[in-house]
**Q** 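Okay, here's the structure, questions in a sec.
Quick note: numbers below take in every heavy atom, side chains included, and nothing from hydrogens, waters or symmetry partners. We count residues from 1, following the sequence as given. Model, not experiment: these values are computed from the prediction.
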Amino acid sequence: MRYVITGGAGFIGSHLTEALLRQGDEVVVVDNFSTGSRANLAAVAGHPHLTVAEDDVVTPSPVFSGILRSADVIVHLAAAVGVELVVHDPVRTIETNVRGTENVLSVAVDNRIRVIVASTSEVYGKSTREYFSERDDLLIGPPTHSRWAYACSKLLDEFYVMAHHRSHQLPGTVVRFFNTVGPRQIGRYGMVLPRFVERALRGQPLEVYGSGEQTRCFCHVKDVVRALIGLAGEPAAVGRIFNIGSNRRISIRALAELVRERAGSSSQIVTIPYDQAYEKGFEDMLHRAPELTAIRELLGWEAECSLEQIVDDVIAEKRAKR
């Protein structure tokens with residue numbers, strides 16, 4: 001199979017690239033390297049079945065459509081991600097997520113190419129449920145808070161995929177990621193686990209935003225990659241939306257405590273109000289955990305890596321780079 005992965009030099013994309021090459025597939029990575037890095041692909045640099053194309057899904061080059069047309073499967077991961085980036089640059093967030101997906105889907109529709117589009121658990125918005133199902137109604141916050149620009153832009157991507165599936169028989173699938181973590185993820189844009197680990201290894205305070213009582217589920221990127229490959233090869237996944245994540249919940253304060261323990265760190269844990277960490281009026285969900293019946297029934301997929309293993313893997317990678 002020939003895969004084209006937009007954002008393939010990013011955190012998830014680079015792990016997916018390695019996995020596909022290991023199983024004998026051809027991979028074309030498309031990335032503008034604004035947040036992705038060539039270093040993420042160092043382990044497979046020079047692989048005979050890997051091609052890296054520097055291009056931008058928002059303002060693509062003349063060869064962009066030809067690259068996509070060569071694919072058996074497109075995995076569209078390129079996006080503006082991270083709460084910090086979203087809050088401080090909402091225009092870039094909207095343009096990258098909406099225009100980028102539009103450009104990818106226009107080629108996929110014209111050529112009836114199998115496409116997997118990455119979305120996010122953020123689309124569940126301000127729901128008060130503890131476990132979120134793909135069938136749930138969605139409640140997004142007001143546009144006066146840039147916090148919700150990311151959720152809204154990715155939700156529009158989802159509607160776009162489903163509309164093309166109904167109107168043009170696009171073989172598309174949407175995946176909603178719930179806090180994918182692991183080696184190569186960086187804390188620069190607000191990702192909580194690498195941020196905690198980096199500070200713990202330096203002996204700096206671990207900054208918990210908000211009350212710290214909010215709960216999240218963290219899934220190893222290796223498990224997420226298994227799910228992506230499984231869905232890409234499953235015809236019954238077409239025209240559907242799937243949650244991908246772990247359903248082990250942990251509070252952010254407890255996560256900070258776990259990181260400190262596993263790193264053998266003496267860092268203090270301090271609480272930072274949302275208004276100070278992000279912007280005035282910042283809103284967050286108290287709980288966010290996936291209901292996983294759909295992907296479990298279709299693929300028999302479960303997250304296999306424990307949270308302790310995830311934290312240990314991130315600590316080991318960050319230590320090796322010091």
Side-chain angles (χ1 to χ4, degrees), residues 1-8 10 12-13 16-17 20 25-30 55 57-58 60 64-81 94 96-124 132-136 138 150-178 180 224-245 290 292-299 301:
M1 297 286 286
R2 183 177 176 88
Y3 285 78
V4 171
I5 306 174
T6 69
I12 297 175
L16 177 60
T17 295
L20 291 170
D25 295 307
E26 296 182 21
V27 179
V28 180
V29 165
V30 178
D55 214 327
V57 296
V58 179
F64 177 78
S65 61
I67 293 172
L68 296 188
R69 283 197 302 269
S70 73
D72 296 306
V73 180
I74 299 169
V75 182
H76 179 43
L77 300 175
V81 297
I94 295 168
T96 299
N97 293 345
V98 176
R99 290 182 185 173
T101 300
E102 180 180 11
N103 289 335
V104 169
L105 291 183
S106 66
V107 178
V109 167
D110 289 344
N111 297 274
R112 205 66 66 85
I113 300 171
R114 181 79 175 96
V115 61
I116 309 288
V117 174
S119 187
T120 170
S121 60
E122 292 281 334
V123 301
Y124 289 105
F132 299 153
S133 166
E134 300 91 338
R135 300 177 301 279
D136 289 346
L138 307 176
Y150 176 57
C152 192
S153 65
K154 295 307 291 183
L155 184 56
L156 184 57
D157 288 350
E158 295 191 14
F159 275 110
Y160 206 20
V161 173
M162 294 301 126
H164 277 306
H165 171 67
R166 287 191 297 271
S167 299
H168 305 115
Q169 294 74 54
L170 172 71
T173 299
V174 170
V175 293
R176 292 174 177 166
F177 294 139
F178 280 72
T180 304
V224 170
V225 163
R226 283 194 301 108
L228 289 173
I229 294 174
L231 290 171
E234 176 52 69
V238 168
R240 297 179 64 185
I241 298 170
F242 294 90
N243 291 335
I244 299 179
L292 297 168
T293 301
I295 192 168
R296 185 185 299 119
E297 289 183 348
L298 184 64
L299 299 180
W301 180 90

**Q** I need the minimum non-hydrogen distance between Leu228 and Ile116, along with the two atoms involved.
**A** CD2-CG2, 4.1 Å
**Q** Would you please test Ile295 and Asn243 for side chain to side chain contact (heavy atoms under 4.5 Å, CB included) and show each step?
**A** CA-CA 7 Å; Ile295 192 168; Asn243 291 335; over 6 Å; no
**Q** Stepwise, does the side chain to side chain contact (heavy atoms under 4.5 Å, CB included) test hold for Leu231 with Arg240?
**A** CA-CA 10 Å; Leu231 290 171; Arg240 297 179 64 185; over 6 Å; no
**Q** Do you know the tightest heavy-atom contact between Arg176 and Ser121?
**A**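 Heavy atoms of Arg176 and Ser121 come nearest at CB-N, 4.4 Å.
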**Q** How long is the straight-line distance from OG1 of Thr6 back to CD1 of Ile67, given to the nearest 0.5 Å?
**A** 11.5 Å
**Q** Strictly by side chain to side chain donor-acceptor pair (under 3.5 Å), give each pair with a member in residues 103-116 just once, sequence neighbours left out.
**A** Arg114-Thr173
**Q** Taking C-beta and beyond as the side chain, do Val28 and Arg2 meet within less than 4.5 Å on heavy atoms?
**A**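 Touching, per the 4.5 Å side-chain cut-off.
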**Q** Go through the steps to decide whether Leu298 and Phe242 satisfy the test side chain to side chain contact (heavy atoms under 4.5 Å, CB included), and finish with yes or no.
**A** CA-CA 10 Å; Leu298 184 64; Phe242 294 90; 3.6 Å; yes
**Q** Considering non-hydrogen atoms only, spot the tightest contact between Ile74 and Ala71 and give its length.
**A** CG1-CB, 3.9 Å
**Q** Which atom pair, heavy atoms only, marks the closest approach of Ile113 to Pro171?
**A**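 The answer is O-CG, 3.5 Å.
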**Q** For Gly7 and Ala78, which heavy atoms make the closest approach, and how far apart are they?
**A** N-CB, 3.7 Å
**Q** What closest approach, in Å, do Asp157 and Val98 show between heavy atoms, and which atom pair accounts for it?
**A** OD1-CA, 3.7 Å
**Q** Look only at the side chain of Asn97 and the backbone of Lys154, and say whether a donor-acceptor pair between them is shorter than 3.5 Å.
**A** no
**Q** Taking everything shown except Arg99 itself, do over 12 heavy atoms lie less than 6.0 Å from its CZ?
**A** no
**Q** Taking Ser119 for its side chain and Val174 for its backbone only, find out whether a donor-acceptor pair lies under 3.5 Å.
**A** no
**Q** I'd like to know whether Leu155 forms a side chain to side chain contact (heavy atoms under 4.5 Å, CB included) with Tyr124, so could you lay out the CA-CA distance, the side-chain angles of the two residues, the decisive distance to 0.1 Å, and finally the verdict.
**A** CA-CA 9 Å; Leu155 184 56; Tyr124 289 105; over 6 Å; no
